[in-house]
Structure formats: structure tokens, C-alpha cells
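Below, chain A is the first sequence line, B the second, and so on; all start at residue 1. Quick caveat, the model's predicted, so the values are computed rather than measured.
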Amino acid sequence: MARILITSALPYINGIKHLGNLIGSQLPSDVYARYMRGRGHEVLHICATDEHGSPAELAAKKAGQPVAEYCAEMHAVQADLARGFRIGFDHFGRTSDPANHKLTQGFAEALDRAGLISEVVEHQIYSVDDARFLADRYVEGTCPNCGYDRARGDQCENCTKQLDPTDLIEPRSAISGSTNLEVRETRHLHLRQKQMRGQLSEWIESRTDWPVLTTSIAKKWLNDGDGLQDRGITRDLDWGIKVTRNGAPWPGLEDKVFYVWFDAPIGYIAATVEWADKTGNDWKRWWRTDAGAQDVKYVQFMGKDNVPFHTLSFPATILGSGEPWKLVDYIKSFNYLNYEGGQFSTSLGRGVFMDQALDILPSDYWRWWLLSHCPETSDSEFTWESFQSGVNKDLADVLGNFVSRVTKFCRSKFSEEVPSGGQYGPEEDALIADLETRLKAYETHMEAIDIRKSAAELRAIWVAGNEYLQAAAPWAVFKEDPDRAAAQIRLALNLIRLYAVLSKPFIPDAAHTMLEAMNATDAEWPESVAEAMSALPAGHAFTVPANLFDKITDEAREEMQARYAGKG
RNA sequence: GGCUGGGUAGCUCAGCUGGUUAGAGCGCACGACUCAUAAUCGUGAGGUCGGGAGUUCAAGUCUCCCCCCCGCCA
């Protein structure tokens with residue numbers, strides 16, 4: 001039995017995530033966690049909301065709430081949606097939790113002791129009326145290049161020219177619109193990542209089994225241009241983790257907090273501490289290599305935009321601290337999911353968001369389609385047609401109908417008990433042999449976290465049941481040789497139970513319904529298919545479940561297409 | 001402009017360290033079956049693997065050049 005620590009990228013607090021975010025980390029991490037649990041491994045699956053930074057402050061302001069209150073509310077919403085999608089986190093924490101404050105300050109102090117923190121004086125735009133420093137993108141004005149009057153301080157959206165906030169003509173605060181701005185000096189801490197470039201590079205180079213997407217992004221940041229740069233780890237904000245040194249406020253940085261990218265990944269550890277406090281478990285045996293974590297396999301899931309932080313910044317924090325923290329073993333990264341030929345857009349209301357999705361259809365529908373189309377090797381695309389076709393064909397026709405035809409046939413020709421009589425013959429043995437092979441392939445793909453291939457193999461396992469049934473034709477055999485038909489149906493009923501067990505990682509709710517209908521007490525991962533085919537003995541009572549999946553009609557699909565097209 | 005990733009059947013994608021007639025699912029055509037959510041099963045049509053040059057006995061698979069898409073960065 002292995003011990004596997006799984007973390008899913010932390011969703012930012014300011015709003016509900018769309019399907020692209022969902023398939024980029026939480027859904028695949030859940031499939032992997034469920035599978036590994038199913039195989040009997042000790043799994044800890046952790047996530048949290050990423051709550052600090054200006055966007056959170058501004059979203060709270062817009063909502064007319066104190067930021068702490070806003071975050072608490074949004075955390076509850078996101079936790080609820082995760083549950084709605086059956087994401088089985090052991091704990092869904094918050095980066096604003098006291099545990100994260102303590103850990104983050106501890107890391108910064110350790111890095112400082114290691115000589116990896118420097119103080120840097122910067123010049124930044126200060127808004128007198130807002131009483132705060134403005135990040136580049138919160139300064140707006142007229143573009144000196146093209147005259148566009150809503151250019152941002154980092155870039156003009158109209159002519160795409162890169163800008164410095166001080167380049168803008170008539171700059172104003174994007175928050176209040178105030179033009180009462182001035183350039184002020186401000187002191188910040190930098191993490192001296194440059195010094196760690198060799199160490200990080202060596203580490204990345206040694207990870208030969210990682211997805212190309214992960215390593216290529218990491219190498220780009222390591223080697224591009226002047227190579228890995230030092231980065232600021234503090235900000236002039238109220239909402240965040242106070243900067244300390246030797247347990248006391250850092251002299252000269254009393255009004256500052258850590259920059260969100262610094263404290264967020266530490267949130268993985270903090271959320272584990274939260275979990276331990278709540279459950280009475282020990283978090284150190286998952287995170288401290290001097291306390292048992294040396295034999296943990298740590299796997300992270302994230303979208304490609306998060307890769308630099310997980311391959312470089314966070315490891316720099318871990319390694320630089322000089323303390324025995326657990327470093328990630330495998331980074332599974334994903335490309336983007338597009339929506340009907342474009343991008344998902346929060347501002348334009350384009351695409352489907354997690355709350356809307358659950359209002360439309362149960363989570364299994366989304367889980368199945370998203371996972372079987374997840375953007376592993378390149379960006380992939382959500383279209384309503386593809387979604388309709390995938391759900392109808394795979395879930396309703398192949399799996400759902402299999403359960404339906406078998407249970408209903410048995411009820412009408414025998415009873416709602418596994419029929420006795422006859423025995424398995426060469427046809428059954430051939431099916432079992434085929435399924436043994438497919439089961440091994442499924443397991444191999446799951447171990448490798450090849451989500452799409454796993455889904456394809458699972459589907460092939462479902463199809464094999466229909467193939468068998470079609471060839472065996474118990475409805476015809478029954479007329480001449482009821483005993484033979486009984487054996488065939490006995491096998492088919494056992495297939496339903498097996499399918500439920502194997503399908504649990506992808507479609508947990510349907511799997512549960514199938515197990516209940518089969519009245520199955522054994523839901524353990526099968527040692528062998530042959531053995532699994534006698535789990536439900538003759539005489540075992542079952543019930544005919546309602547259809548597992550309803551089909552999506554053309555009308556419904558067209559309606560959705562129109563409703564979520566966005567206003568862009 | 002620099003750099004990832006990608007460009008393989010109508011659609012969505014597999015194709016590892018180069019090696020028999022390039023694969024799957026969907027869609028389409030035809031056939032079988034009629035237990036089942038008009039579901040299922042079988043057969044078939046369909047691709048000069050973005051373009052060009054090269055290496056090799058042999059190239060979607062390696063090298064170089066070019067074109068196009070997505071994204072990141074300047």
C-alpha cells in the first residue's frame with residue numbers, strides 16, 4: 001500500500017469557476033484520488049481557496065462586503081460546488097486560515113535566514129484618494145501609442161503595446177477613477193530565485209517522466225531571456241499575511257503583506273494542517289520528510305497557467321528554506337478547454353460555469369464528457385453537439401441501456417433474482433479473458449494518469465458487455481434452453497456490478513445507483529474478472545433501476561447553445 | 001518578434017525509442033437482431049498523416065526551411 005498526497009490547484013476566490021477550470025485540476029485529481037483509494041492506497045486529497053490579493057479586495061468592494069466576509073461566503077459557495085461535482089477532497093481549506101499565516105511567515109523567515117530574501121526599493125503609483133498603491137493593471141489612461149483612452153498600466157488592450165504605468169497620458173485609478181496619483185517609493189521583499197536557478201534546473205532536468213507540457217514551461221522560464229528572475233513576494237495591501245522577521249513585524253514593511261503567489265501554494269500544507277486539526281490526524285507525516293513523508297508520493301494537478309509557480313516558485317520556497325519539506329514528485333498539467341470555437345469568458349458570460357452546469361444536468365454527465373475529452377495533449381473544445389453526442393452515446397446508449405436491457409430481461413423472463421441454472425461456457429470465458437486484458441490496460445492508464453485513455457478503455461469495457469449480449473442472444477436462447485439463458489444473464493448481471501466498481505472514479509453517482517440496484521455489498525476493486533463474475537450468486541435479489549441517464553434532446557441542446565453563447 | 005503546444009479520415013482525437021496494407025470513437029451507408037432508453041451488434045466507404053527539401057534499405061515518426069491555429073512572453 002502506497003501513500004499518495006494529491007493536491008488540486010487552488011481556485012481563486014473571486015467568483016465561480018467555469019468548466020475549463022474544473023477540468024484543469026479538480027476533476028482529474030478527483031478521478032485519480034478515487035482510483036487510488038479504490039485500489040486500497042492511503043490517499044490524502046487536498047485543495048483550498050486562494051483568497052488573498054487585489055482581485056479579492058476589489059470583488060468584495062464591488063459586492064459591498066468586508067473582504068473577510070466576502071471570502072468566507074465565496075469559500076462556502078466553492079466548497080458546495082465541489083461537493084456538487086462529487087469532488088472528494090479530504091479537506092477544502094482556505095489560504096486565509098491562521099495555519100497558512102503561520103506557515104507562510106515561517107517559510108519567509110527560513111528563506112531570509114538562508115540569505116534568499118532581499119529588500120528592494122521600488123517606485124510605484126500611489127492613489128491618494130484610494131489610499132493605496134496601484135498594481136500596474138489598476139492604472140488606466142490614454143495610450144501614448146494609439147490614443148486609446150482605456151489603456152491599462154501594463155498593456156494597451158487596443159494596440160497591444162506593453163506599457164509602464166507612468167507612460168499613460170492622464171493616468172487614473174481603475175478602482176475609483178481618481179486622477180490624484182503620485183509616484184511613491186515603496187520597499188519590498190524579493191525572493192532571490194536567480195540564486196536557485198542551478199538547483200531548480202537540475203531538479204527539472206531529472207524529472208524525465210513528467211508531461212512535456214510541464215517540463216517545457218518550466219524550462220522556458222528557467223532559460224528564456226536572462227533566465228529565472230528574482231520576484232517580489234510582498235504587496236501594499238491590507239488583506240493578506242503580514243510580513244514578519246524573527247517573529248516580529250518586519251521593520252519598514254509593517255503595512256505590507258505577502259504577495260498572493262507566495263502564500264498560495266503554502267496553502268496546500270496549511271490546508272493539510274486544517275485537516276489534521278479537524279480530524280485528529282498527523283499532517284507532518286505527509287509533508288515533513290523527517291516525520292514520515294519521505295515515502296509519500298506527491299502528485300499535483302493544475303492548468304498550464306499555474307505551471308511556473310509549481311515547477312519553480314514553490315519549489316524555490318521549499319528547497320530554499322533548507323528545511324525537510326516534501327517536494328512534489330509528479331506534476332500533471334492540462335491545457336485549456338475552449339468553448340464553441342472561442343474562450344470561456346467570465347466577463348462576457350460566455351460558456352458554462354460550475355453552478356449553471358449543475359442546474360442543467362447531474363454531475364456525472366459533466367464529469368464523463370469533460371474527463372473523456374480532457375485537454376491533456378493540447379487545448380480541447382467544448383461544443384454542445386459533442387457534449388450531447390458523447391453523453392447520449394456513451395452513457396445512455398452504451399452503459400445505461402446495457403443495465404436496462406439486462407435487468408428488464410431478467411425480470412420479465414426469470415425474476416428479480418439472479419437466475420440459477422446452466423453454467424459459463426467458452427463464450428463466457430472468451431469475454432472474461434478479453435475483460436482481463438482490458439482491465440489491465442485500464443489500470444495501467446490510471447496509474448500513468450492518462451485520463452482520456454482511461455476513459456476510452458472504460459468505455460470499451462462497457463461495449464464488451466453489449467457485444468457479448470448481442471452474440472449470446474439470451475432472448476433467443478431462452479426459448480430453447482432456459483438454463484443456458486440463465487447462465488448468460490447471470491453473467492450479465494455480474495457485469496453490471498463490475499462496471500459499477502470500475503466506473504466509480506468517473507461517474508460516482510451512477511456507480512452508486514448500479515451497486516444499489518444490484519444490491520451489492522462487495523464494491524472492492526476486482527482481483528480478477530473471473531472472480532468478479534461470481535460475486536452475485538444465483539438467487540441474489542436485485543432491483544431494476546430507473547434509467548441511469550436520460551438523453552439530451554436536440555431541442556434542449558439548441559436551447560443551451562443559445563443561452564450560454566454570451567453577450568460578446 | 002521570441003518561445004511552448006498543435007496542424008493525421010466530415011468531426012474529436014490515438015499513433016512509444018523510424019519498419020508489414022496509418023488506427024479509435026462519433027457521424028455516414030448497408031446488413032443483423034428485436035431483450036433494451038428507435039437502444040445494441042456487424043460490415044463498409046472515407047486520409048498523398050499542413051507544404052517543400054533532406055537523411056535512410058525504410059519517415060506522420062529524425063533534420064532543415066516555409067505556411068497556419070492556440071497560448072505565453074517581450
[N] to [M] separation - [atom1] atoms, rounded to the nearest Å:
N	M	atom1	answer
B:G1	B:C68	P	10 Å
B:G25	B:G2	P	42 Å
B:G6	B:C72	C1'	14 Å
B:U21	B:U17	C1'	24 Å
B:G50	B:G44	P	26 Å
B:A45	B:C70	P	36 Å
B:G10	B:C28	C1'	9 Å
B:G47	B:A9	P	10 Å

Watson-Crick/G-U partner (both atom distances under 3.5 Å) of [N]:
N	value
B:A74	none
B:C28	B:G44
B:C64	B:G52
B:A59	none

Decide if the gap between the ring center of A:Tyr268 and the ring center of A:His310 is smaller than 6.0 angstrom.
yes

At 4.0 Å (heavy atoms only), tell me whether [X] reaches a base, stays on the sugar-phosphate, or touches nothing.
X	answer
A:Ser389	sugar-phosphate
A:Lys551	base
A:Phe402	nothing
A:Lys453	sugar-phosphate
A:Leu548	base
A:Val406	nothing

Any idea which of [options] is nearest the [X] side chain?
X	options	value
A:Val463	B:U37, B:G71, B:C41	B:C41
A:Tyr336	B:G71, B:A36, B:U37	B:G71
A:Phe549	B:U37, B:C26, B:U12	B:U37
A:Asn401	B:C41, B:A39, B:G25	B:A39
A:Arg459	B:U37, B:G25, B:U40	B:G25
A:Trp475	B:U40, B:C33, B:U12	B:C33

Polar side chain donor-acceptor pair, [X] to [Y], under 3.5 angstrom:
X	Y	result
A:Glu428	A:Tyr468	yes
A:Asp230	A:Gln195	no
A:Ser503	A:Trp462	yes

Can you measure [X] atom [atom1] to [N] atom [atom2] for me and round it to whole angstrom units?
X	N	atom1	atom2	result
A:Leu371	B:G25	CG	P	21 Å
A:Trp384	B:U12	CH2	C1'	18 Å
A:Asn306	B:G71	CG	C1'	15 Å
A:Gln488	B:U40	CD	C1'	15 Å
A:Leu337	B:G6	CG	P	18 Å
A:Leu493	B:C35	CG	C1'	12 Å
A:Asp394	B:A39	CG	P	14 Å

Syn or anti for B:G51 (syn when the glycosidic angle lies within 90° of 0):
anti

The reported gap from CZ in A:Arg86 to CH2 in A:Trp366 (rounded to nearest 0.5 angstrom) is 15.0 Å

State plainly whether the residues A:Lys297 and A:Asp329 are in salt-bridge range, i.e. N to O under 4.0 Å.
no

Does any donor-acceptor pair link the side chain of A:Asp397 with the base of B:A39 at a separation under 3.5 Å?
no

Considering non-hydrogen atoms only, spot the tightest contact between A:Phe353 and A:Ile16 and give its length.
CD2-O, 3.4 Å

